[in-house]
Amino acid sequence: MSDVLNQLGDILEQRKIATAEKSYVASLHAKGLNKILEKVGEEATETILAAKDAQSSGDNSDVIYETADLWFHTLVALSHLGERPEAVINELARRFDMSGLEEKASRADK
Ligand SMILES: N=c1c2ncn([C@@H]3O[C@H](COP(=O)(O)OP(=O)(O)OP(=O)(O)O)[C@@H](O)[C@H]3O)c2ncn1[C@@H]1O[C@H](COP(=O)(O)O)[C@@H](O)[C@H]1O
């Protein structure tokens with residue numbers, strides 16, 4: 001699974017030096033972090049609406065599509081800040097041996 005994210009990380013790295021006319025990702029970088037975060041917010045809203053629809057229709061296809069859009073735009077935001085998807089994968093892996101409640105308590109120290 002993380003192979004896909006690693007591959008996407010490589011593509012996002014390459015797009016930092018691509019021209020905005022030929023690449024959607026490069027066009028987002030050219031517009032700056034605020035625009036990228038605006039897209040993250042839009043995609044989060046679309047994901048929530050699709051999840052609500054899926055609950056009533058029983059069809060998850062739109063929520064999967066919107067979640068992919070959301071993950072993608074969060075990865076573009078991280079890339080803009082100089083991080084790769086591996087950083088998130090590593091953070092999730094670090095949490096495997098910790099319960100959600102323990103993890104929440106550890107956040108109080110931050
Ligand atoms: N995974 C994605 C991906 N998911 C979603 N999107 C784009 O994200 C946008 C979603 O925004 P919206 O639904 O709001 O559509 P929109 O109205 O066109 O967006 P706005 O003009 O309002 O910003 C669409 O343009 C999608 O095409 C993606 N664009 C690119 N990728 C990956 O990034 C790679 C590099 O893409 P380019 O930089 O375009 O070469 C691609 O090969 C893919 O692997």
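Remember, it's 1-based here, ligands and their atoms both numbered in the order they're listed.
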**Q** With a heavy-atom distance limit of 4.0 Å, tell me whether Asp69 approaches ligand 1 through its side chain, its backbone, both, or neither.
**A** side chain
**Q** Would you tell me which option among His29, Arg15, Lys39, Glu38 has the nearest heavy-atom contact to atom 40 (O) of ligand 1?
**A**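 Among His29, Arg15, Lys39, Glu38, the closest heavy atom to atom 40 (O) of ligand 1 comes from Arg15.
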**Q** For atom 17 (O) of ligand 1, decide whether some protein heavy-atom distance is shorter than 4.0 Å.
**A**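 Under 4.0 Å from atom 17 (O) of ligand 1, zero protein heavy atoms found.
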**Q** What protein heavy atom is closest to atom 34 (C) of ligand 1, reported as residue, atom name and distance in Å?
**A** Ile11 CG2, 3.7 Å
**Q** Does the protein put a heavy atom less than 4.0 Å from atom 21 (O) of ligand 1?
**A** no
**Q** Does Tyr24 approach ligand 1 within less than 4.0 angstrom via side chain, backbone, both or neither, non-hydrogen atoms only?
**A** both
**Q** Any non-hydrogen atom of Glu46 lying under 4.0 Å from ligand 1?
**A** no
**Q** Does the protein put any heavy atom within less than 4.0 Å of atom 42 (O) of ligand 1?
**A**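 Protein heavy atoms within 4.0 Å of atom 42 (O) of ligand 1 - there are none.
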**Q** Quiz question for you: does at least one protein heavy atom lie closer than 4.0 Å to atom 30 (C) of ligand 1?
**A**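 There is a protein heavy atom less than 4.0 Å from atom 30 (C) of ligand 1.
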**Q** Which residue owns the protein heavy atom closest to atom 44 (O) of ligand 1, what's the atom, and how far is it?
**A** Leu8 CD1, 3.9 Å
**Q** Take atom 27 (O) of ligand 1 and look for protein heavy atoms under 4.0 Å from it; say yes if you find one, no if not.
**A**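 Protein heavy atoms within 4.0 Å of atom 27 (O) of ligand 1 - there are none.
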**Q** Evaluate whether atom CG of Leu101 has more than 12 neighbouring non-hydrogen atoms of other residues, nucleotides or ligands under 6.0 angstrom away.
**A** no
**Q** Which residue and atom name correspond to the protein heavy atom nearest atom 13 (O) of ligand 1, and how close is it?
**A**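 Checking every protein heavy atom, the shortest distance to atom 13 (O) of ligand 1 gives Glu43 OE2, 3.9 Å.
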**Q** If you draw a 6.0 Å radius around NZ in Lys16, do more than 12 non-hydrogen atoms from other residues or ligands fall strictly inside?
**A** yes
**Q** So which heavy atom in the protein is nearest atom 4 (N) of ligand 1, and how far is it from that ligand atom?
**A** Phe72 CD2, 3.5 Å
**Q** Kindly check if the number of other-residue, nucleotide or ligand heavy atoms within 6.0 Å of CD (Gln7) is above 12?
**A**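 Atom CD in Gln7 is not packed in, count stays at 12 or less.
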**Q** If the threshold is 4.0 Å, N to carboxylate O, is there a salt bridge linking Lys39 and Asp69?
**A**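 Between Asp69 and Lys39 there is no salt bridge, as every charged N stays at least 4.0 Å from the carboxylate O atoms.
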**Q** Is Tyr24 atom OH crowded by more than 12 heavy atoms from other residues, nucleotides or ligands, each under 6.0 Å away?
**A**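 Yes, OH of Tyr24 has more than 12 neighbouring heavy atoms, counting only those of other groups under 6.0 Å.
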**Q** Identify, with sequence neighbours excluded, every residue that meets side chain to side chain donor-acceptor pair (under 3.5 Å) alongside Lys35.
**A**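 Partners of Lys35 by the side chain to side chain donor-acceptor pair (under 3.5 Å) criterion, ordered by chain and then number, come out as Glu38.
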**Q** Testing the basics here: between His29 and Val76, what is the closest heavy-atom pair and its distance to 0.1 Å?
**A**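 Taking His29 first and Val76 second, the nearest heavy atoms are CE1-O, 3.9 Å.
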**Q** For atom 38 (O) of ligand 1, what's the nearest protein heavy-atom neighbour? Residue, atom name and distance, please.
**A** Ser23 OG, 2.5 Å
**Q** Would you say Asp59 and Ser61 are linked by a side-chain donor-acceptor pair, where the criterion is simply a distance under 3.5 Å?
**A** yes
**Q** Any donor and acceptor pair, going by atom type alone, linking the side chain of Ser57 with main-chain N or O of Asp53 inside 3.5 Å?
**A**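 Pair found, side chain donor or acceptor close to backbone of Asp53.
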**Q** Write out the residue and atom name of the closest protein heavy atom to atom 36 (O) of ligand 1, then the distance separating them to 0.1 Å.
**A**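 Residue, atom and distance for the closest contact: Val25 CG2, 3.9 Å.
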**Q** Could you check Ile36, Leu37, Leu28, Val25 and say which one makes a side-chain contact (heavy atoms from CB on, under 4.5 Å) with His73?
**A** Leu28
